[in-house]
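Structure record follows, encoded as structure tokens.
Just so it is clear: chains get the letters A, B, ... in the order the sequence lines come, proteins before strands, and each one is counted from 1. Please read these numbers as outputs of a predicted model, since none were measured by experiment.
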Amino acid sequence: MISDATKPEAVHHVLEAASAFQAALVTWFRQVGRTYPWRETQDPYAILVSEMMLQQTQIATVLDRGYYERWLEAFPTVEALAKAPEDAVLKAWEGLGYYRRARSLHQLAIVVCAEHDGRLPETLEGMLALPGVGRYTAGAVLSFAHDLSVPLVDGNVHRVFARLFDFRQEVDRPAGQKQLWAWAEALVPKDGARAYNSGLMELGQTICAQKQPDCPACPVRDFCQTRDPVALPVKTKRKATEFVEEHVWWCLREGKLRLVQETGKRRKGLWKLPECGEADSRGSLLYKAKYSITHYRVTLHVHACEETLTEGQWHPLASIPALAMPAPYRKAVQQLLAESKEFKLTHT
DNA sequence: GAACCGTGGGC
DNA sequence: TGCCCAAGGTT
């Protein structure tokens with residue numbers, strides 16, 4: 001941490017020296033900016049896919065676990081995605097979470113094929129009209145793919161701007177957002193927005209990191225107004241954890257497993273084990289695990305089912321790997337199948 | 001404008 | 001362990 005004694009005052013104000021700020025940032029980015037697959041292309045669709053996947057999701061998850069590469073192989077163009085069945089789209093997203101993103105991207109492809117001849121819009125209004133595309137994603141696609149002068153604000157920019165401007169309001173409230181977007185608009189250059197926006201995010205990701213920011217190495221330290229970077233940005237408190245018990249059936253008969261498809265807002269379209277009814281009718285406990293979803297801490301219990309269920313459908317064991325399932329159920333099903341005699345008989 | 005939506009990783 | 005975080009968007 002930088003002490004107050006050694007941290008100098010900003011020698012320039014960002015807004016009064018925008019060109020110098022932009023130049024310092026872009027020069028630094030061109031020297032040390034990392035290469036990602038989505039920085040190697042100017043295909044707006046490929047860039048959009050990366051931006052959708054990266055919403056609230058770490059780069060390592062998207063990259064190291066192969067989601068981005070597999071997606072573009074399965075759905076290489078807007079047309080290919082538009083023609084794909086939703087089951088296949090959700091399967092490709094399995095394990096990434098926030099499944100609305102996958103359904104939005106699929107719907108987006110269908111709309112773009114129907115109304116824009118398969119080409120993504122090149123205007124802010126056009127992009128914002130698409131499902132799952134907000135101001136950040138629109139700005140990212142337009143600046144990264146087309147080098148258009150459009151601002152963007154994401155979690156990295158929250159951090160960089162909060163520190164740069166010594167901004168002590170909560171960044172995740174509407175008032176804070178309004179201020180951050182105003183600064184982003186004021187600072188985005190007319191030319192070279194691709195490198196500038198990339199550099200802004202890269203800075204927030206590396207030197208201007210959440211913990212242990214490396215201020216001495218910062219290319220724009222002369223513009224920075226805060227003396228206490230670690231305290232910024234300020235965020236609202238998150239909701240307290242609630243503990244929930246979840247009981248589901250393991251109903252396996254003649255090589256088929258009973259599953260239900262989610263229809264509500266949560267995990268819509270994905271398959272899960274049927275929920276148990278009355279506590280006193282539950283069979284023996286086969287599996288128990290804990291997982292988190294949003295602010296809930298869930299204990300999942302899987303019980304042996306002896307009766308006949310009316311809800312859900314039978315799925316042959318061979319078809320189960322192709323179904324999209326939420327991660328906690330996928331893990332439970334995999335473990336229980338591995339233990340199951342029926343499975344061993346058909347797979348050995 | 002607050003609440004909601006998944007998951008895996010870091011400490 | 002429990003809590004925070006991560007290239008946000010929708011309701």
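As rounded to whole Å, 7 Å separates atom P of C/dG8 from atom CG of A/Asn156. Here the P atom of nucleotide C/dG9 and the CZ atom of A/Arg135 are 11 Å apart, to the nearest Å. The distance from atom NE2 of A/His295 to atom P of B/dC5 is 8 Å, rounded to the nearest whole Å. Separating the OH atom of A/Tyr36 from the P atom of C/dA7 is a distance of 9 Å, rounded to the nearest angstrom. For the pair A/Arg101 CZ and C/dG9 C1', the interatomic distance rounds to 10 Å; values are reported in whole Å. Per the geometry, CE belonging to A/Met52 stands 13 Å off P belonging to B/dG6, to the nearest Å. Spacing between atom CG of A/Leu105 and atom C1' of C/dG8 amounts to 14 Å, rounded to whole angstrom units. In this structure, A/Gln210 places its CD atom 12 Å from C1' of B/dG10, rounding to the nearest Å.
Residue A/Arg266 has a polar side-chain atom (N or O) positioned under 4.0 Å from OP1 or OP2 of B/dC5. Taking 4.0 angstrom as the limit, A/Thr137 places a side-chain polar atom (N or O) nearer than this to OP1 or OP2 of C/dG9. Considering only side-chain N and O atoms, A/Thr241 lies under 4.0 angstrom from the phosphate OP1 or OP2 of C/dC3.
Nucleic acid contact class of A/Thr294 (heavy atoms, under 4.0 Å, all strands): base. Using a 4.0 Å heavy-atom distance criterion, A/Lys268 is classed as making no nucleic acid contact. At a threshold of 4.0 angstrom between heavy atoms, the contacts of A/Ala327 are confined to the sugar-phosphate backbone, with no base atom among them. Here A/Lys290 lies out of heavy-atom contact (under 4.0 Å) with every strand. At the heavy-atom level, A/Val133 lies under 4.0 Å from the strands shown only through sugar-phosphate atoms. In this structure, A/Arg330 reaches neither bases nor backbone, as no heavy-atom distance under 4.0 Å exists between it and the strands shown. Contacts of A/Gln58 with the nucleic acid, taken as non-hydrogen atoms under 4.0 Å apart, include base atoms. A/Tyr99 comes within contact range of the sugar-phosphate backbone alone, with a heavy-atom separation under 4.0 Å but no base atom that close.
Between the A/Lys91 side chain and the A/Pro321 main chain, a donor and an acceptor come within less than 3.5 Å of each other. For the pair A/Asp222 (side chain) and A/His12 (backbone), a donor-acceptor distance under 3.5 Å is absent. Under a 3.5 Å cut-off, the side chain of A/Tyr68 and the backbone N or O of A/Asp64 do not form any donor-acceptor pair.
Toward the 5' end of DNA chain B, the nearer of the two residues A/Lys265 and A/Arg173, judged by each one's closest nucleotide, is A/Arg173.
Both tests do not hold together for A/Arg34 against A/Tyr36: distance to the six-membered ring centre under 6.0 Å, angle to the ring axis within 45°.
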